[in-house]
Protein chains: 2
Amino acid sequence: MGLAKSEIFTAEQNEIANFAKAFGHPARVAILQHLFKINACICGDLVQEIGLAQPTISQHLKELKQLGLIKGTIDGTSVCYCIDTDNWEKMKSKMGTLLHLNIPSKTDCC
Amino acid sequence: MGLAKSEIFTAEQNEIANFAKAFGHPARVAILQHLFKINACICGDLVQEIGLAQPTISQHLKELKQLGLIKGTIDGTSVCYCIDTDNWEKMKSKMGTLLHLNIPSKTDCC
DNA sequence: TTGCTTAATCGTAATATTGCAATATAACAA
DNA sequence: TTGTTATATTGCAATATTACGATTAAGCAA
């Protein structure tokens, strides 16, 4: 079907899955890593940096923006993107509830 | 196209994306949360717990197993699943390289 | 105005993912 | 053996994702 039955899961489970999907493509990982590395807003050169066509990059940026992980501000003919620090921290917190769950030790039976 | 151009990205970027894809579906999030909550190997009741058909759960379990995040041991007619603690820690470390990147502060221009 | 640059959107093709009915397999019980 | 239970696999339909050429829109320069 291709359509996840999100209605049978909790809001938290769906939220974690949605954030995870954002990281589920290497281009988006590369974009985020580059934004962190530059440590500033970056105007324009993501297409050359990543190596995908301009519409493809634009689409990936749109997804990251819709999730709130990055924000873009218009600067003349170009758009500057950077990490949305507040939302990034919120995302880290959400993901942390899954990733940092304590590892079973005592009753591990495998 | 639906096919990611993984060859133009680093091994790390692809690895992070692959782990993230595992968390990119609420059913798999729910499965992992349940395994952590039970804090032991669990035989059989994942279908009732999650609320999807048995073949669907089996498929999600297969994906998690292929990534090494869980392991299953055969116990008679049933299979017991639990978190693969070693690989879980490795995954956390990989994901951490992206999630815990320092937030830009000084040169933030947006 | 015209032309150039930059980024978003549209349209479309190819591949991936999700979900489940039907079936297969495997272990055990009687 | 036969029947039961539990899980995996197969096959398929529906939807999602990825990628990019073509186009559009918007700002700026001459």
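Chain letters run A, B, ... following the sequence lines, proteins first, then strands; residues in each count from 1.
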Rounded to the nearest angstrom, tell me the gap between atom NE2 in A:H25 and atom P in C:dT15. 15 Å
Please classify the nucleic acid contact of A:I74 as base, sugar-phosphate, or nothing, using heavy-atom distances under 4.0 Å. nothing
May I have the distance from A:L46 (atom CG) to D:dA19 (atom P), rounded to whole angstrom? 15 Å
Atom-to-atom span, NZ of B:K21 to C1' of D:dT17 - whole angstrom: 10 Å
B:L64 atom CG is separated from D:dT7 atom P, nearest whole Å, by 16 Å
Walk along nucleotides 8-15 of chain D from 5' to 3' and tag each nucleotide B, S or - by protein heavy-atom contact under 4.0 Å, base first, then sugar-phosphate. BB---BBB
How close or far is atom P of C:dT15 from atom NZ of B:K5, stated in whole angstroms? 14 Å
The answer to which of B:L52 and A:T77 contacts DNA chain C further toward the 5' end, by nearest nucleotide, is A:T77
side-chain contact (heavy atoms from CB on, under 4.5 Å) partner of A:F19, chosen from A:N87, A:N14, A:L67, A:L98: A:L67
Shortest non-hydrogen pair, B:A20 vs A:G24, comes out as CB-N, 3.7 Å
Measuring from B:I57:CD1 to B:Q54:CD, what's the distance to the nearest 0.5 Å? 9.0 Å
Starting from P on C:dA7, measure out to CG on A:D45 and report it in whole angstrom. 9 Å
More than 12 heavy atoms of other residues, nucleotides or ligands under 6.0 Å from CD1 of B:I8: is that the case? yes
Between A:G76 and A:A4, just flag the one whose closest nucleotide in DNA chain D comes earlier from the 5' side. A:A4
Round to the nearest Å and state the distance from A:E63 atom CD to C:dT9 atom C1'. 14 Å
Rounded to whole angstroms, how far apart are CD on B:Q48 and C1' on D:dT7? 12 Å
Indicate the atoms forming the closest heavy-atom contact of A:A22 with A:L69, along with that distance. CB-CD1, 4.1 Å
Closest approach of A:Q33 to B:Q13 (non-hydrogen atoms, all atoms of both residues): OE1-NE2, 2.8 Å
Is any side-chain N or O of A:H60 closer than 4.0 Å to OP1 or OP2 of D:dA19? yes
Once rounded to the nearest 0.5 Å, what's the spacing between atom CD of A:E63 and atom CD1 of A:I31? 9.5 Å
